[in-house]
Amino acid sequence: MQVREDLRNIAIIAHVDHGKTTLVDQMLRQSGVFRDNQAVRERVMDSGELEREKGITILAKNTAVRYGDTKINIIDTPGHADFGGEVERVLQMVDGVLLLVDAYEGPMPQTRFVLRKAMQLGHRVVVVINKIDRPDARPDAVVDEVLDLLIELGAQDDQLDVPFLFASGRDGTASLDWKTPGKDLTPLFDAILQYIPAPKCDAQGPLQVLVSVIDYNDYVGRIGIGRIVRGVVQEGQEVILTSTDHTRTDRRVRLSALFAFEGLKRERIETAYSGDIIAMSGVEGINVGDTVCDTSFPEALPFVRIDEPTVVMTFSVNDSPLAGRDGKFVTTRHLRARLEREALSDVSLRLEDVEGSSDAIRVYGRGELSLSILIETMRRQGYEFQVSRPRVLFKEIDGVRCEPIERVLIDVPSPSAGTVIEKLGQRKGELTNMQQEGNRMRMEFMIPSRGLFGYRSEFLTDTRGEGLMYASFAEYGPYRGEIASRTRGALIAFEAGEAASYGLFNAQDRGRLFIGAGTQVYAGMIVGENARTGDIEVNVCKRKHLTSIRNSAGAEEALKLTPVREWTVEEALEWLGDDELLEVTPKTLRVRKRILDGIQRMRAKRREEGNGL
């Protein structure tokens, strides 16, 4: 077994918005990847449109820098627990991790999540206290919190021997003492070479490459990305494709092209060696978890166990009266093919047919955010469909009904703390920790996942937009009883047509509107939120009758309408009730009742109440 001192494989893990992608920008710049006069946008690794809009990393991405004679392969990982499937699989490609922690916020729920996964694989850790230039930074306290977290997660003795660096990712500086400002990232690069172990390689053994990530290119098709665990691979080599679960028959395939990562580019190479992280094209049907083996010794490598999904939603063909007007892909075949393609690259996603329906598919995911990102992505690609309200998945553990429990960290102005505690208490949340920091209060809750559905918008209102809330899956715990759902009803369109100012003006006294004048509506479509409990049907298509006195059509336009609520996918999913659907098209998000006809809806409600008795 040889050791490749000229190579390091690391992953950067952190909580959302702790600055890891900005730090990667500076590592690329200071290692000479960019020219001095090259214009480079910020957060260059967040290449996806949604990633740049939301300011979070969604997909794990590979890059590489050169420091002296050493090549450092870097994987930028998502920080949100809903994308934990991305983190879990790519950690198998590396030998150590950089843990970024905000100098003020300290370890957060997602920090705990991603660090636990690294600990379980036995990886060495280099801790970077980032944003040390913040005026409210508290580095000494954060260092103690990180050490407490490492001990709590059961770190081994060698894992507790971690270096602490104090960095400003924005300025591109790092130092070993927070009181002494750094000049560049040289201390960080030195720490990586000193503390992250070089990969152990078996260049003489039969080939083994574990595929951890799948990419796609319109010209070459599916591209498998993984680490060479053993042996040497060459371009054009014939190999065996196998898997641990043996769900597919082993196939003999030929690698048409090999690529290595250099900076932000993939460079075509002829030969790669044990320890390298490479991309392979030309293998049709290659999947995450597959092993590329030598033809003389087809031995599959074990793949990391991915945590089970906690949330399920139903995707179905859009059957509303306005269906098919916007979308390019509208049939069941289109919907199923797109979801199956997503499940091939996202190992935490599961699909299941709905009994008795050929137009609906249940989609199981790790969280509400991950599924809403999938919905928004499909929408922008031209798909049209409808989805149900997210539901949590219950489990039977030792004869006890259990549900997913989330660890929620909340940072709010002190005057808002009482309201937040009261609201989360009504949603079965348990306050586990609370501490005052200046004029703000930091609180930690353990709360059922279903207790957070529909709460985020209410939280922002209660804290006047100044509150911060972070949540991540913690465990399955005993069922905590019924939780009150949405307290306000819906304003439902009475008939189909075009919404008129006069009808909307009369309806807005009932509650907040979701649509404006000129919007096409249909019977059963939800046009607003009732200010009280219960649903109300309103006629938003009603126009003002013209008389000899009031004969100006412009009189209707002069009516003052309140601003409408503009939906995002996440907000619409939070608002949905059990008997409602979200209609998703490339141009519009509409909320509707599952049963459009008012009489049938009333009968169904009476039957449900009768069954409840």
Side-chain angles (χ1 to χ4, degrees), residues 311 313-327 330 360 363 368-369 371-376 378-379 383-391 453-458 460-461 485-499 503-504 507-508 510-541 561-598 600-602 604-605:
V311 174
M313 294 173 61
T314 301
F315 285 57
S316 56
V317 172
N318 186 12
D319 60 359
S320 82
L322 299 181
R325 298 191 180 188
D326 299 338
V330 298
V363 179
E368 188 179 2
L369 178 61
L371 292 178
S372 68
I373 292 291
L374 171 60
I375 292 169
E376 183 64 32
M378 293 174 60
R379 176 193 180 195
Y383 287 84
E384 183 174 324
F385 53 97
Q386 57 190 18
V387 295
S388 68
R389 182 189 186 190
R391 292 187 297 105
F453 290 167
Y455 176 66
R456 295 183 189 273
S457 57
E458 191 176 338
L460 291 176
T461 301
S485 58
R486 191 180 76 213
T487 57
R488 297 184 177 183
L491 302 179
I492 307 169
F494 173 74
E495 62 180 2
E498 183 179 292
L504 292 172
Q508 70 184 9
R510 300 284 190 174
R512 187 176 182 182
L513 296 177
F514 298 159
I515 64 169
T519 304
Q520 289 292 325
V521 301
Y522 52 84
M525 176 176 162
I526 296 175
V527 297
E529 181 183 60
N530 189 8
R532 302 180 180 181
T533 58
D535 299 336
I536 300 176
E537 288 191 342
V538 293
N539 188 359
V540 294
C541 300
L561 300 178
T562 56
V564 301
R565 178 173 184 173
E566 298 288 343
W567 291 115
T568 65
V569 173
E570 291 91 341
E571 291 170 346
L573 291 178
E574 286 183 359
W575 193 86
L576 280 182
D578 291 331
D579 62 337
E580 296 162 356
L581 298 173
L582 174 62
E583 183 182 347
V584 182
T585 78
K587 297 180 181 179
T588 311
L589 293 174
R590 303 186 188 96
V591 185
R592 51 161 287 188
K593 286 294 183 179
R594 190 183 297 270
I595 302 174
L596 297 179
D597 183 82
Q600 294 183 14
R601 193 164 57 244
M602 188 177 298
K605 184 177 180 180

Exam field: side chain T588 to backbone R590, donor-acceptor pair closer than 3.5 Å: no
CZ-OG1 distance between F385 and T585, expressed to the nearest 0.5 angstrom: 9.5 Å
R594 CZ: over 12 foreign heavy atoms closer than 6.0 Å: yes
Side-chain (Q386) to main-chain (L581) donor-acceptor, under 3.5 angstrom: no
E368 side chain near E574 side chain, heavy-atom distance below 4.5 Å: yes
For the student: nearest non-hydrogen atoms of A499 and L504, plus distance: CB-CD1, 4.2 Å
Test: R379 and D326 ion pair at under 4.0 Å: no
CA sep, side-chain torsions, deciding dist, call: V569, L589, side-chain contact (heavy atoms from CB on, under 4.5 Å): CA-CA 8 Å; V569 173; L589 293 174; 4.0 Å; yes
Contact check, side chains of I375 and F315, non-hydrogen atoms, under 4.5 Å: yes
Gap between atom CE of M313 and atom CG of L576 - 0.5 Å precision: 7.5 Å
Option passing side-chain hydrogen bond (donor to acceptor under 3.5 Å, both in side chains) with D579 (candidates K593, K605, R601): K593
Flag, side chain of S388 to backbone of T314, donor-acceptor distance under 3.5 Å: yes
Spatial distance of atom CD (E580) from atom CZ (R592) [nearest 0.5 Å]: 10.5 Å
Donor-acceptor contact present, side-chain E384 to main-chain G324, <3.5 Å: yes
Electrostatic pair R389-D578, nearest N-O below 4.0 angstrom: yes
What pairs of donor and acceptor atoms, side-chain ones from residues 510-527 against any protein atom, are under 3.5 angstrom apart with sequence neighbours left out?
residue : atom : partner : partner atom : Å
T519    : OG1  : G516    : O            : 2.8
Y522    : OH   : E583    : OE1          : 2.7

Residue pair L491 / A507: nearest heavy atoms and the distance that separates them: CD1-O, 3.9 Å
By ring-ring contact (aromatic ring centres under 6.0 Å, His included) - contacts of F453 (at least two apart): none
Check: W567 and L582 side chains under 4.5 Å, non-hydrogen atoms: no
Euclidean distance, D535 CG relative to I492 CD1, rounded to 0.5 Å: 4.0 Å
Gap separating the OG atom of S320 from the CZ atom of R325, nearest 0.5 angstrom: 8.5 Å
